[in-house]
Protein chains: 2
Amino acid sequence: MSADTRSKGNENAGADEAGGKSSLQRGLAILRLLASSNETGARLTDISRALDLTPPTVHRLLKILVEEGMAEADKATKRYRLGIDLFGLAAQAGNPNNLRDICRPILLRLSATLRDTIFLLVRSGFDAVCLDRSEGPFPIRSFTGDIGGRVTLGVGQGSLAIMAFLHEEEREEVIRFNLPRMQGVGIIDEVYLRTEIARVRDLGYASRSTGLLPGMSGVAVPVLDRDGHAVAALSVGTISERLNEERLPVVVDILKRESAAISRQLNPFDPVLRRPAAILGGGPA
Amino acid sequence: MSADTRSKGNENAGADEAGGKSSLQRGLAILRLLASSNETGARLTDISRALDLTPPTVHRLLKILVEEGMAEADKATKRYRLGIDLFGLAAQAGNPNNLRDICRPILLRLSATLRDTIFLLVRSGFDAVCLDRSEGPFPIRSFTGDIGGRVTLGVGQGSLAIMAFLHEEEREEVIRFNLPRMQGVGIIDEVYLRTEIARVRDLGYASRSTGLLPGMSGVAVPVLDRDGHAVAALSVGTISERLNEERLPVVVDILKRESAAISRQLNPFDPVLRRPAAILGGGPA
DNA sequence: GCAAAAGCTTCCGATATACGGAATAGATGG
DNA sequence: CCATCTATTCCGTATATCGGAAGCTTTTGC
């Protein structure tokens, strides 16, 4: 197992077939396919062809999925889509230590205070995933970070904030894996990336025009565990004008304060945070 | 299906066992179990006992689930929880016709305008499910309706709004099924329920102190399809004082207007409108 | 610190379970 | 109406799944 993602399972050829051969894997493959075609839904034969499974097999699996509430059949159009039960499941998913629950009120407060949209990102393998977000009243919305959306770790400020505060070895692993993936999404130069990371680590926050969208900027701070490693990031996305030299320090300060509050709630036992103020700057009591 | 062939002597009626016998069913059962114990996570043997599966079986299924990103193993605590990929899946789930996407900006507008929390509910079987919500700035939050949460159809204003605008036969079916479930959650009297439904149908909105929480009230309007049947409900939850005789009609009026706007977008039958206006979204994942 | 208990993982043979070809029924469309 | 495509059912085959047993690791208790 070791390294935590899909680096190994590569033995079976086939572009996008049903991953393995267990029926559980096939069922999950169907769910993923349905997710990717949720606009229109997918018919049985579509699935059959896409996953290279025979119609009877797909039929049987779909029947189970429907019974279990993970899929729904639109009898009118004969199309299948994901079921709402799945939605309920996921409400609990990716919520280690109730991170999302803890952060929810903070996101609300931040979006109200800063008037921009606030994102909560966590690491998932070599990506960052948007766990939650809270829209601010400011009328221009960032395109990034629909809930559940993924970004390559290292792309975007929230990503960088997480990356800068990973374990040394993990960060190296991520850099190695992600550099090729980052072609054309901004950073392609390893040296530059490392410089950025060092800078973020130094400052305790990430803030640069990502280049993803002209005119848009972001600021992000990591949410640290008791060892000073990132478990998440708080990020603000807005138009560049709203993150000028005057306002930026203010925003950063507020973010850091809230991040520290989250850290404290994440570690209810902590006698003393081990590496607190040094990294996050002026730590409020 | 059904027909319990319980070859094993194990007759002990263990409350909540793994649903069926297919490995897909068992895998999903594990996911559900993890969802219900996401606070702490579950260990392999916990799952094994709860679902009446042998440890090797659970081990194998968990391994698959982890590989597929549907579960995560916390190596430190030896506990399993739901994986973030599941979270990403569900971002697409329960989103027929992109209902959630369509409603998102409207929820935001409503919560800003009305200053209270707005809920989007859809029907799922005999329940209503909270598809989305948008918090308003008003400091008292309703406990109801975490995203993904379920309520018995008929309990609460949003529920009622949906129920009042179902097909005749469907409504009867729901009433029949749900009446027993509603014991102790407010309405227990069939006559009263039917009266309420008729009233809601008449007025075009639902508004009563639900009795679920003293001092809290709600208003809800249905979102109708072209046939005048409910596909969803928009609901406002707040303290009773904020829904007095003066304000209520205003709120209802605004809700109805937005509901109508949604309905219009839901029926892009005009082949011209097929394109869902990729304003800022549509980004790659 | 050691022994005991509980938990996790691997192995492997028996068999239940899932598979897919073929045939049927239903839908679509010319 | 027939031709084509799709969904569903049936059933014999074989394969993937199961669980006992045993090795191994971690936790518990003394």
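Chain naming here is simple, since letters A, B, ... match the order of the sequence lines and numbering starts at 1 in each. Atom set for the values below is all heavy atoms of this structure, side chains included, hydrogens, waters and symmetry mates excluded.
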What contact category does B:S23 fall into here, base, sugar-phosphate, or nothing, at under 4.0 angstrom with non-hydrogen atoms?
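Here B:S23 touches the backbone only, sparing every base.
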Within the 4.0 Å heavy-atom criterion, would you say B:R79 contacts the bases, only the backbone, or no part of the nucleic acid?
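Answer is nothing: B:R79 stays at 4.0 Å or more from every strand.
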Ignoring hydrogens and geometry, is there a side-chain-to-backbone donor-acceptor pair from B:R181 to B:F126 under 3.5 Å?
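Here the side-chain-to-backbone pair exists.
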Between A:R32 and A:L34 (side chain of the first, backbone of the second, donor and acceptor by atom type, cut-off under 3.5 Å), is there such a pair?
no
Grab the [atom1]-[atom2] distance between [X] and [N] for me, whole Å please.
X	N	atom1	atom2	answer
B:K78	D:dT25	NZ	C1'	7 Å
B:L24	D:dT17	CG	C1'	13 Å
B:K63	C:dT10	NZ	P	6 Å
B:L44	C:dC8	CG	P	5 Å
B:L62	C:dG7	CG	P	15 Å
B:L51	D:dG19	CG	P	12 Å
B:K21	D:dG19	NZ	P	13 Å
B:I47	C:dG7	CD1	P	13 Å

Test side chain to side chain donor-acceptor pair (under 3.5 Å) applied to A:D46 - qualifying residues, sequence neighbours left out
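A:D46 satisfies side chain to side chain donor-acceptor pair (under 3.5 Å) with A:R43 only.
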Compare all side-chain heavy atoms of A:L234 with those of A:V223 and state whether any distance is below 4.5 angstrom.
yes
Between B:R171 and B:E168 (salt bridge meaning N to carboxylate O under 4.0 Å), is one present in this structure?
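Judged by the 4.0 Å cut-off on N to carboxylate O distance, B:R171 and B:E168 do form a salt bridge.
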According to a strict under-4.0 Å criterion, is [X] in side-chain N/O contact with OP1 or OP2 of [N]?
X	N	answer
B:T57	D:dG19	yes
A:R26	D:dA16	no
B:H59	C:dC8	no

Side chain of A:P56 - closest among D:dT9, D:dA21, C:dG7:
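Looking only at side-chain atoms, A:P56 lies closest to D:dT9.
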So which one's nearest nucleotide on DNA chain D is more toward 5', B:T54 or B:A76?
B:T54
